[in-house]
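Note on naming: letters A, B, ... go to the chains in the order of the sequence lines (proteins, then strands), and numbering restarts at 1 for each one. Below, each value reflects all heavy atoms present in this structure, side chains not excepted, and no hydrogens, waters or symmetry copies.
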Amino acid sequence: MTTELTNDSLAKAYDPSAVEGTWFERWKAWGVFDADPARNPERPIYHVPMPPPNVTGSLHMGHAMFCTLQDSLVRYHRMRGFETLYQPGTDHAGIATQTVVERQLAREGKTRHDLGREAFLERVWAWKAESGGRIEEQLRVLGTSAAWSRAKFTMDADMSHAVRTAFVKLWDEGLIYRATRLVHWDPVQMTSLSDLEVDFEDGAAGELFSFAYKIEGSEDEIVVATTRPETMLGDTGVAIHPEDERYTHLHGKYVIHPFNGRRIPIVCDAVLVDPKFGTGAVKVTPAHDFNDFATGKRHGLEEINIFTLDGKVNEIGGKFAGLDRFVARKEIKKALDEAGLARGAQKHALRLPKSSRSGAVVEPMISTQWYVKMKGMADQALDFVRSGQTQILPETWQKTYEHFLDNIQDWCISRQLWWGHRIPAWHGPNGEVRVSMERPAECGEGWTEDPDVLDTWFSSALWPFSTLGWPDKNPWLERFYPASDLETGYDILFFWVARMMMFGGHFMGKPPFKRILLHGLIVDETGEKMSKVKGNVIDPLDLVYGASFADVVKKTMPGAAEAEALAKFKKAYPSVGQLGTGFPAFGTDAVRYALATYPPSNTRIALAPKRIEGYRFFLNKIWNATRFSLDIIGDAPVNFALTKEPRLQLSKWILAKLDATVGAVHEGFGAFRIDEAANALYRFFWYDFCDWYLELTKPILRDAAFSDADRDETRAVLATVVEASLRLIHPLAPFATEELWQRVPKADTSPVCCALARYPELGDYVHDAQAEKTFDLVREVITAARAIRTEHEVHPAATMPLTLRSESADVRALLVHNDWAVRFLVKCEGSATVGGPEVARPPASSLRIVASQQGTVEVLVSLKGLVTPEKEKARFEREKKRIEKDIAAVEKKLGSPNFTDRAPKEVVEEAHEQLRSLKEAMVRLLASANLTEEL
RNA sequence: GGGCGGGUAGCUCAGCGGUAGAGCGCUGGCCUUACAAGCCGGAUGUCGCAGGUUCGAAACCUGUCCCGCCUACCA
């Protein structure tokens, strides 16, 4: 397979579609994705559980983000020899999936109740079968090197078994209980919600409506205010502050409900009532408000439920019965007004609680639900992090994690849905409850199975070990628990991560992972959250394969007018205007690379398509540099041993830079700063390797002045650097690097593919910081000479004499040794004249000073006839100013009384060195001042 | 109300005690036989504001103004 590849020549330009098609299947065939608990027990493990996406969902940028980061980490560790398990899977996503199917039914004019539970579930499974494979397919497009053969679905039989086991265990331990209390109720989905599933819409326009209750047996009244007038049907108390003198006379009195005549006590409550707010009197509806519920408990008030489960007024409401809660609101206001009890209304901004899934306004409702006691598990989960057994990165999230667990509430785990894990409980005729894995034999006639299902997050909380076969003891669980890293978006830190930490600790006795890595939320280019309403959603596959903007918005805002949708889209992504009429096919590698360069500390990641383009250009650069290198290396065997002790300074320099880059990359991956690793590689490959090394191989290969030994060494260095770079970049851009790696010569007996090749380690190449600096000075000299040329508008093809002066013999030797490089890149006439300060300045020359720790170099370019005195004078002044400024800064530092005592030695020394070289530079510059006259 | 984070080049962001950085954008010049998806140059910042600590602050402290996010019971 590979030999046939090495024979065909590389296309002139990088084309992602040509390289991204086949590798996935090959990697699979080569066993890249496989983990094996029995293989080589000496190897350290690296296990990352993938956050299971909603099985019926489709790919969005969040998935692309986590795949990029996780897969990069996974490939990095795999190449470093870890026994690597990237555990994939999908989630049944209870409410979300049920909602989708119910909407389908609604289009047929049916509800789930028309079908009945069994038929409805069949329908959901059918939908899952139809759409369920898609998300996994899409994840593969991103190159995700997960153990696909082990993919799990949270409703699989084994996952289900784990869920029931966990439930029964918690029940037996007394950690699960049933309770009747106020819960967040979604009247549209008709289910309870955990407090995490409620979003608050800030600043919703509402009104504070005031009305009067008449005091029993008098014409006196007390005025209360509410944002939800309809709840007055369930009022069972009016609370005042015990010390509020306005109401002292009402202590112990009752008011009469205007619609049903209910006697309602006036109670004194200092907790609920703020005497300064409104009238200082509060209506109390224990059955429909969390504060009132607590108040009711304090005073023994009746709890009267006035709503049906779908949010209509129930029979208690009398003439209002059957009205939807929002209709009832209007009617009640009207009725109060007609009764002469309305006391006006004022605008009031309120926080409207909404279901994060259905968007329905959440109604607090009394009901009986199942709960998990969290305190003990939370304390343990807290301890895992505080003791350092589990590390959270970026560290800033640790506080958030702790704050949540410190204030943990018991978790309402029952949902009145059909799609999900059914609670394994049976209710007897006399209210008995049995919890068991299967229907207990004694629960026959008269016993009914609990109708509720579990919160989806209950099964996900078991994910790091249920996927390994828990509760059965087996080699996978032994070898791969705890996992190494858990990487996900910070938005599910509470929902998922904290709960895995709690369940992992409880069921396994150990935290489920060593590190928790969190990334931000991908938003549009202007920082707005992606949403269909805003029309700013981007499908990652459109970036990979390319798509016209017209097609993009057609998907984003189905049914909307194209012009309008396009306008919204372009507003959200100002940079796309520069991309023409659509996204070009950036390819997976470019999308991944771009996403990898955002630091994880960014809570919001503003997606700029233009930036992805930049990384596609980078891949093209890699492609062409490899192509060029292959051309130079040729077919003759490469003697890699020559790179161990290189003769050329240039060889040593690039190998040392490579080594430094290897270090930076490991640091980046190690600290979850993949962006740093990605940037280090980008800079090395483009700015060091391509711009300098590759350019300089040209004279080596072509000029007769170089020996065959030089050429052999250069071919070896070239092969080494290219091959190492491809391996280094592979975790970030797996496809292009694999394609190229297959074709480059390799030093050792290499494995079948780059994905399984050994990752470069520090010290593999020349480890020599000095070697880096040495040639860096040559580089600066060349840059200075080029700058002079450009400044004086010398045509790039023209040659001109160059003189380099330095007091340092070492520097002069360096310049002479690398004269060939200077000559080639500056395009000077013959060799540069290298000498000490005694060497005469060429007439009509322009000067630049390069100051370095090794010594100062005067770069003199003769420009006879090309430069005017005015221009040179201006340049001289600029140069002088620049150096003066630098000198002043360093002098100020060194001049201060105890800088030398307090600052670290290296810093002081460095400052001295700096000043010395700057002063030397100034002397040189000033010496040239009068020479401008010669021009 | 409480908590957390952020305000640095036109944009997106690094830097978090030692003379302001990157990518993109802008700009001048080059089709130099790997790459014009390129090459060689250039410009650009009172580092939100005000105090303080320090020899030295974009970085540390205090206050202040904006902006996000999370969290909470103001009817």
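What separates CG of A/Asp289 from P of B/A72 is a distance of 15 Å, to the nearest Å. The distance between atom CH2 of A/Trp623 and atom P of B/G38, rounded to the nearest whole Å, is 16 Å. Taking atom CZ of residue A/Phe404 and atom C1' of nucleotide B/U71, one finds them 11 Å apart after rounding to whole Å. One can place NZ of A/Lys529 at 7 Å from P of B/C69, the figure rounded to the nearest angstrom. Counting to the nearest Å, the P atom of B/G38 and the OH atom of A/Tyr615 are 14 Å from each other. Put simply, OH on A/Tyr598 is 8 Å from P on B/C13, counting in whole angstrom units. To the nearest angstrom, P of B/C73 lies 14 Å from CZ of A/Arg181. To the nearest angstrom, C1' of B/C40 lies 14 Å from CD1 of A/Ile788.
A/Phe290 has its ring centre less than 6.0 Å from the ring centre of A/His184. For A/Tyr687 and A/Phe689, the gap between ring centers reaches or exceeds 6.0 Å.
Both A/Ala281 and A/Ile605 lie close to RNA chain B; mapped to their nearest nucleotides by heavy-atom distance, the more 5′-ward contact belongs to A/Ile605. Between A/Ala608 and A/Val282, the residue whose closest nucleotide on RNA chain B is further toward the 5' end is A/Ala608.
When Watson-Crick and G-U wobble pairs are counted only if both distances are under 3.5 Å, B/C60 pairs with B/G52. Base-pair partner of B/C39: B/G29 (Watson-Crick or G-U wobble, both distances under 3.5 Å). Base-pair partner of B/C4: B/G68 (Watson-Crick or G-U wobble, both distances under 3.5 Å). The nucleotide B/A22 finds its pairing partner in B/U12, both defining distances of the Watson-Crick or G-U wobble pair being shorter than 3.5 Å. B/A34: no Watson-Crick or G-U partner with both key distances under 3.5 Å is found in any strand. When both distances must be under 3.5 Å, the Watson-Crick or G-U wobble mate of B/U44 does not exist.
Here the side chain of A/Thr279 pairs a donor or acceptor atom with the backbone of A/Val223 at under 3.5 angstrom.
For the P atoms, the distance linking B/C69 with B/C13 amounts to 14 Å, nearest Å. A distance of about 11 Å separates the P atoms of B/A9 and B/C49, rounded to the whole Å. When the P atom is used for both B/C60 and B/C16, the distance is 10 Å, rounded to whole Å. The same atom, C1', is picked in B/G1 and in B/A20; the two are 40 Å apart, to the nearest Å. Only the C1' atoms considered, B/G17 is 12 Å distant from B/C55, to the nearest whole Å. Nucleotides B/C66 and B/G28 are separated by 39 Å at their C1' atoms, to the nearest Å. Distance check on atom C1': B/C65 versus B/A50 gives 11 Å, rounded to whole Å. Taking atom P in both B/G5 and B/G21, one finds a spacing of 28 Å when rounded to whole Å.
A cation-pi geometry, defined here as NZ or CZ lying under 6.0 Å from the six-membered ring centre and within 45° of its normal, holds between A/Arg611 and A/Tyr598.
Classification of A/Arg181 and A/Glu303 as a salt-bridged pair fails, no side-chain N sitting under 4.0 Å from a carboxylate O. Salt bridge status for A/Arg779 with A/Asp688: present, with a side-chain N to carboxylate O gap under 4.0 Å. A salt bridge links A/Glu739 with A/Arg743: the distance from a Lys NZ or Arg NE/NH1/NH2 to an Asp or Glu carboxylate oxygen falls below 4.0 Å.
Evaluation of the ring-ring contact (aromatic ring centres under 6.0 Å, His included) rule for A/Trp397 yields A/Tyr490 as partners, not counting sequence neighbours. Listed by chain and number, the residues in a ring-ring contact (aromatic ring centres under 6.0 Å, His included) with A/Phe684 amount to none (sequence neighbours excluded).
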Going 5' to 3' through nucleotides 24-37 of chain B and flagging B where a protein heavy-atom sits under 4.0 Å of the base, S where only the sugar-phosphate is that close, and - otherwise, we get SS--B-S---BB-B
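When each of A/Phe685, A/Tyr593, A/Phe586 is tested with A/Tyr615 by the rule ring-ring contact (aromatic ring centres under 6.0 Å, His included), just one qualifies, namely A/Tyr593.
Nucleic acid contact for A/Thr603: none, since no nucleic acid atom lies under 4.0 Å from a heavy atom of the residue. Counting non-hydrogen atoms under 4.0 angstrom, A/Leu272 reaches a base of the nucleic acid. A/Ser601 comes within contact range of the sugar-phosphate backbone alone, with a heavy-atom separation under 4.0 Å but no base atom that close. Backbone-only engagement by A/Arg604 is indicated by non-hydrogen atom pairs under 4.0 Å involving sugar-phosphate atoms exclusively.
A/Asn602 has a side-chain polar atom (N or O) that falls below the 4.0 Å cut-off from OP1 or OP2 of B/A14. An OP1 or OP2 oxygen of B/G41 is reached within less than 4.0 angstrom by a side-chain nitrogen or oxygen of A/Thr783.
If you check B/A14, B/G41, B/C74 against the side chain of A/Ala787, the one that comes closest is B/G41.
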